[in-house]
Amino acid sequence: MNKLPIEHLEKVEAWGGASDGVSYVYRPSTVPELQKVVEFARQNGRTIGARGGGNSYGDAAMNDENILLDMRRMSRILDWNPSSGLITLEPGVTLSTLWQYVLEDGWWPPVVTGTMMTTIGGCAGMNVHGKNGWQQGPIGDHIRTFDMLLTTGEIITCDREQNSGIFYAAIGGFGMLGIFTSITIQMKRIYSGMIDVHFDISPNLEGMFSFFHENVEKSSYIVGWMDAFAKGKSLGRGDLHSATYLEEGDDPNPQQTMRLEKQHLPATLFGVLPKSMIWMFMRPFMNNLGTKMINTAKYNVGRFAGSSTTRTPHAAYHFLLDYVPDWKKAYGSTGLIQYQPFIPRDNALDAFKEMLTLCQKWDMPNYLTVLKRHRPDDFMLTHGLDGFSMAMDFRITKRNRADVTKLAHELDRIVLAANGRYYLAKDSTLRPETAVAYLGQETVDSFRRLKAKCDPDGLIQSNMWRRIFDD
Amino acid sequence: MSAKRPLEPQKNGIVIGASSGIGAALVKELAREGYNVAALARRQKELEALREEVDGLGNGRCHIYLHDVTDYEVIPALFQQITSDLGGLDLIIYNAGVQTAVAHDEYNFQKDRGMLEINLLGAVAWLNEAAARFERTGSGQIVGIGSVAGDRGRIGSPIYNTSKAGLHTYLEGLRNRLTRHGVGVTTIKPGFIQTSMLDNVPKTFWVISADEAAQRIIRAADKGKQTVYIPARWGLMMLIIRHIPSFIFRKLSF
């Protein structure tokens with residue numbers, strides 16, 4: 001192992017802030033530069049991992065003591081066809097750049113994450129989903145083709161016909177097969193810059209489920225925000241935000257609403273408080289008592305206000321996580337993790353009830369709990385299935401790490417018993433045997449075989465790879 | 001590199017000069033506290049025995065490296081190799097040191113050079129690497145094992161005194177550079193510790209065991225202390241000795 005230049009050494013955090021590490025970070029801006037870094041890694045006996053926006057909650061985009069590629073300088077838009085909606089991007093293009101680029105031509109990304117700071121390479125690697133998972137699937141369902149650099153130096157083109165095995169494994173393959181160099185993705189036609197957002201509440205988890213059941217046909221997006229503190233008959237109560245695209249003709253002046261300036265998130269709350277400061281005001285409430293108060297107040301405001309519908313700009317509806325900048329800082333310096341299991345439709349209600357109750361029993365109710373609906377897809381390591389996911393945010397403190405770990409493993413038992421799956425972009429606690437249990441030994445073996453083919457020397461690694469899949 | 005679990009942070013340390021005495025005791029104590037430790041020394045047999053003993057403790061793991069601190073050229077790459085093997089670095093302790101017996105009328109450059117190279121230049125070679133890393137990452141603790149002997153130049157061991165005084169001043173300089181970056185630097189000044197180094201010392205008192213010394217050193221590092229005498233009473237003793245005027249000190253024979 002040779003010495004690498006110290007100037008590249010940087011501290012790298014998991015997005016949730018619960019763990020960090022140190023890597024030699026390189027920021028190539030072109031494909032030849034990228035190839036050079038890969039070769040450099042090989043010559044110096046180091047492994048190499050790719051990082052996009054760094055929004056994975058856990059260790060997916062970390063590669064401690066080795067080389068980490070920050071892909072955000074490879075951020076050119078290579079081709080755009082405003083009549084077909086097909087766009088070809090370098091992997092470092094963020095969703096923020098993407099939607100702002102296509103909107104005025106009447107298009108919107110078919111699948112977006114809750115923050116717009118993710119990159120398209122990261123989205124493809126983790127095969128992200130949005131609040132429309134049951135309708136649009138994960139982002140992989142909209143990727144037409146991609147080019148990927150293998151550690152052999154070869155750049156291959158993959159789509160549903162050509163190199164299809166790699167196509168279905170690299171999307172959702174958490175970056176372990178190669179490094180994307182370009183991605184072509186189909187945008188969705190829209191007829192207004194606005195979207196109709198419907199607010200509702202549900203007194204319990206059953207109500208949440210029936211809301212989904214009744215609205216999946218007519219809504220484009222649905223998300224449930226649950227109060228994980230509510231018990232008994234109120235278990236799983238919360239707010240529901242659904243949204244529906246406007247049809248052609250609904251918006252009298254779409255050219256106007258699709259202008260960029262109509263989309264920008266306001267810089268202040270109530271016109272006064274700078275949003276960059278909001279997390280400081282949230283900080284005192286980030287404990288069991290504070291969150292319980294907030295949740296109860298929020299639910300009761302929703303109950304009092306009743307259901308309502310508002311016409312909102314796309315950006316304001318989709319990128320709720322960007323609405324309060326740095327909100328994760330409210331969790332304090334030791335951060336948070338998210339646990340997001342995916343459970344088949346018929347088992348989901350019972351499994352989620354059991355999980356919420358278990359967290360309460362352990363006195364660790366999660367502070368943010370988000371319910372979404374999904375559909376199955378064809379990707380090898382997919383989290384997708386015909387069912388629901390429940391994203392649970394746990395605050396991490398110096399003292400509770402061991403307890404959260406134990407609780408997560410208890411939750412794993414419920415997930416596996418219900419034939420559930422996991423989403424690697426969120427994961428911090430998965431163990432190798434749990435991964436094999438939900439993916440199946442055969443799938444894990446096929447993935448390893450493909451990796452051996454694409455990356456024969458095992459140069460591509462990440463903390464997550466070593467934690468879950470390394471022998 | 002072993003797998004790292006996000007919710008189970010692993011502490012990692014390096015001990016340079018680990019085959020016996022305070023160094024070996026430090027490795028065992030750190031491992032007991034759950035650290036993964038890289039132990040470096042020149043003697044293979046002792047290192048292997050140490051690894052065996054530490055692995056038996058069942059907490060942190062021990063990695064061993066055969067190394068001569070005067071082999072300066074290999075240090076930058078070896079340092080990175082070690083941080084990679086450990087998976088990170090929180091603490092580095094420079095403990096390598098020799099005291100060669102010299103007569104009161106002996107002026108032997110070879111002996112003197114040997115002490116300076118091991119006690120001082122080796123420390124600079126190793127701790128510069130750690131300092132550069134810690135400054136960039138904004139955390140970490142550096143510990144140097146100096147000596148009460150570094151507080152005055154004495155008749156019996158001018159160069160040993162010089163090497164330890166140089167080490168103290170170097171560590172002070174590092175501390176002044178690095179505190180603002182969130183990095184701690186601790187100078188340890190042991191008195192008499194029950195190790196083979198005492199073989200060359202005619203009269204001893206207040207002797208403590210290497211294990212006890214190791215515990216105190218790690219406690220001082222944990223607390224982010226700047227300069228610590230062990231045992232503590234040496235602090236008072238050296239305060240007096242440092243203030244003995246030269247016209248008297250010149251006439252003393254220790």
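Numbered from 1 within each chain, the chains take letters A, B, ... in sequence-line order. This one's a predicted model, so the numbers in the text were calculated from it and none came from an experiment. Values below: all heavy atoms of this structure, side chains included; hydrogens, waters and symmetry mates excluded.
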Chemist: For chain B, which candidate among Gln461(A), Glu10(A), Arg46(A) shows the most heavy-atom pairs at distances under 4.5 Å?
Modeler: Arg46(A)
Chemist: Please confirm whether Tyr26(A) and His8(A) have ring centers closer than 6.0 angstrom.
Modeler: yes
Chemist: Between Ile6(A) and chain B, which part of the residue has a heavy atom less than 4.5 Å away: side chain, backbone, both or neither?
Modeler: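 Contact with chain B is through both the backbone and side chain of Ile6(A).
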Chemist: Tell me, side chain or backbone of Asn400(A) under 4.5 Å from chain B's heavy atoms, or both, or neither?
Modeler: neither
Chemist: Side chain, backbone, both or neither: which part of Thr47(A) has an atom under 4.5 Å from a heavy atom of chain B?
Modeler: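 Neither; nothing under 4.5 Å.
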Chemist: Where does Asp64(A) contact chain B at under 4.5 Å (heavy atoms): side chain, backbone, both or neither?
Modeler: both
Chemist: For the residue pair Arg466(A) and Asn63(A), confirm or rule out a side-chain donor-acceptor distance under 3.5 Å.
Modeler: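 Distance-only check passes for Arg466(A) and Asn63(A).
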Chemist: Can you tell me if Lys111(B) has over 12 outside heavy atoms packed within less than 6.0 Å of its NZ?
Modeler: yes
Chemist: If you count heavy-atom pairs under 4.5 Å with chain A, which of Pro6(B), Pro76(B), Ala3(B) comes out on top?
Modeler: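 Most pairs with chain A among the choices: Pro6(B).
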Chemist: Quick one: what part of Phe394(A) sits under 4.5 Å from any heavy atom of chain B, side chain, backbone, both or neither?
Modeler: neither
Chemist: Regarding Tyr331(A) and Tyr367(A), is there a side-chain donor-to-acceptor distance under 3.5 Å anywhere?
Modeler: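 Looking only at side-chain atoms, Tyr367(A) and Tyr331(A) do not form any donor-acceptor pair under 3.5 Å.
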Chemist: Give, as side chain, backbone, both or neither, the part of Leu4(A) having an atom under 4.5 angstrom from any heavy atom of chain B.
Modeler: both
Chemist: Which residue is it: His168(B), Lys164(B), Arg175(B)? I am looking for the one with a side-chain hydrogen bond (donor to acceptor under 3.5 Å, both in side chains) to Thr187(B).
Modeler: Arg175(B)
Chemist: Do you know which of Lys223(B), Gln141(B), Gln226(B) makes side-chain contact (heavy atoms from CB on, under 4.5 Å) with Thr186(B)?
Modeler: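 Filter result, single survivor: Gln141(B).
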Chemist: Check the surroundings of atom CZ in Arg216(B): do more than 12 heavy atoms from other residues, nucleotides or ligands lie under 6.0 Å from it?
Modeler: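 For Arg216(B), atom CZ is crowded (more than 12 foreign heavy atoms under 6.0 Å).
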Chemist: Select, from Glu129(B), Arg133(B), Arg5(B), the one with the greatest count of heavy-atom pairs under 4.5 Å involving chain A.
Modeler: Arg133(B)
Chemist: If you count heavy-atom pairs within less than 4.5 Å of chain B, which of Lys11(A), Arg431(A), Arg401(A) leads?
Modeler: Arg401(A)
